[in-house]
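Provided herewith is a single structure, encoded as structure tokens, for subsequent inquiry.
Numbering of ligands and ligand atoms starts at 1, following listing order.
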Amino acid sequence: MPGGKVISTLNMKGGVGKTTITAHVMRILFNQHKKKILLVDLDPQFNLTQCLRTRAAYEALKKANKTVFAAMEPPSDVGLFDVATTHHAPPDAESLAVRLWHFKDGSAHLDLLPGNFELVKYSLISDSGKLAAVQKRFLHFIANARQKYDLVVIDCNPSSSFITLCALHACSHILVPVKPDRYSMLGLELLADFLDRIPTIHPKPEIAVLLNGIPRTNYDPFTENELRAHPVFGPKVLTNKLKKSKLLEAHSGYTGFATDKPVPYRALLATEIGEIASELVQKWNI
Ligand SMILES: Nc1ncnc2c1ncn2[C@@H]1O[C@H](COP(=O)(O)OP(=O)(O)OP(=O)(O)O)[C@@H](O)[C@H]1O
Ligand SMILES: [Mg+2]
């Protein structure tokens, strides 16, 4: 596929750090490697958007139709149980996205396409023809976006739903956050099996596994060692891991990236995340 890489941050399991990693690894990757990056909030819970924008700012964007929903459907009043279609092309990604950071020389920027709870409608609609039109528009939108950005990163919801399928059809790479617990291997096997069973996803996206939430003390590496020894998934596990960090814990009173917060340990966390970002850039030739 021509253009920039498209990464889906995905694990069918909830709470493993998909949103945290999408935000913070890409924030540092943008800064250290000067890339044009679009973050797409494809989770109807839109935690990524809530982490980065205030409620008031988000409401204004939603009112202006500047959310991911515009990449799926044209504006309409069809409601929750129907889909609006059009022959017109989807809007341009840069016109919908919010600029979060940029370099003054214009060489790089970090943008966010905000999420939208409206996406839940796709789990209420069973008409495959209508859903196919939505997927087609989303794929068209992402194909255009990768002409403008070095990297498009899609924060997925924790289930195997229609929108997960949209992300899987759109992406060239999958970043799978995994917590070192005994269910992690099963989750990976399920994801690989799911991918294998969808013939329309071709070629298969390349997978990398990022261990997340590693305790800083008294860490028992049993599960990690087991994962690294796995014949299929072992070689896909990144060398660098994301450790547990108080700064990364979601705080309702703070809006923005944890590594931009002027607090102690920010620099250490940024350095640790920087090693993950550099490994990804090298591994996937970003
Ligand atoms: N390395 C970490 N250190 C500390 N807290 C973390 C870390 N990674 C994630 N968390 C916290 O764990 C919780 C779940 O993380 P996150 O929301 O990123 O997971 P998710 O996979 O996106 O969840 P969901 O499946 O609901 O979308 C959040 O409160 C987040 O702040
Ligand atoms: Mg999430």
Study note, to complete from the structure: For Leu151 and Ile7 the tightest heavy-atom approach is CD1-CD1, 3.7 Å
Review point. Would Lys34 and Asp105 pass as an ion pair if we require N to O under 4.0 Å?
Key: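 Salt bridge: yes.
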Would you tabulate the side-chain donor-acceptor contacts of residues 261-268 under 3.5 Å, counting partners in other chains and residues two or more places apart, or write 'none'?
none

Review point. Salt bridge check: are Glu206 and Lys5 linked by an N-O gap of less than 4.0 Å?
Key: no
Check your understanding: Mind checking what makes side chain to side chain donor-acceptor pair (under 3.5 Å) contact with Ser278, not counting sequence neighbours?
Key ->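 So Ser278 forms a side chain to side chain donor-acceptor pair (under 3.5 Å) with His33.
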Practice item. Any chance you could measure Ser76, atom OG, to Asp82, atom CG, to the nearest 0.5 Å? Key: 8.0 Å
Review point. For the Mg ion (ligand 2), how many protein N, O or S atoms come closer than 2.8 Å?
Key: 1
**Study point:** Check: Val83 and Tyr122 side chains under 4.5 Å, non-hydrogen atoms
**Key:** yes
Sub-3.5 Å pairs, protein N or O with ligand 1 N or O:
unit_1	atom_1	unit_2	atom_2	d
ligand 1	1 (N)	Asn212	OD1	2.9
ligand 1	1 (N)	Lys243	O	3.0
ligand 1	3 (N)	Ser245	N	2.9
ligand 1	3 (N)	Ser245	O	3.4
ligand 1	8 (N)	Asn212	ND2	3.1
ligand 1	18 (O)	Thr19	N	3.4
ligand 1	18 (O)	Thr20	N	2.9
ligand 1	18 (O)	Thr20	OG1	2.5
ligand 1	19 (O)	Gly17	N	3.0
ligand 1	21 (O)	Gly15	N	3.4
ligand 1	21 (O)	Val16	N	3.0
ligand 1	21 (O)	Gly17	N	3.0
ligand 1	21 (O)	Lys18	N	3.0
ligand 1	21 (O)	Lys18	NZ	2.8
ligand 1	22 (O)	Lys18	N	3.4
ligand 1	22 (O)	Thr19	N	2.9
ligand 1	22 (O)	Thr19	OG1	2.9
ligand 1	23 (O)	Gly15	N	3.1
ligand 1	25 (O)	Gly15	N	3.0
ligand 1	25 (O)	Lys18	NZ	2.7
ligand 1	31 (O)	Leu248	O	2.7
ligand 1	31 (O)	Ala250	N	2.8

Exercise for review: For a side chain to side chain contact (heavy atoms under 4.5 Å, CB included) with Lys148, tell me which candidate from Leu38, Asp92, Asp111 qualifies.
Suggested key: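 Exactly one option meets the side chain to side chain contact (heavy atoms under 4.5 Å, CB included) with Lys148, and it is Asp92.
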**Study point:** Nearest non-hydrogen partners of Asp41 and Pro114, listed with the distance
**Key:** CB-C, 4.0 Å
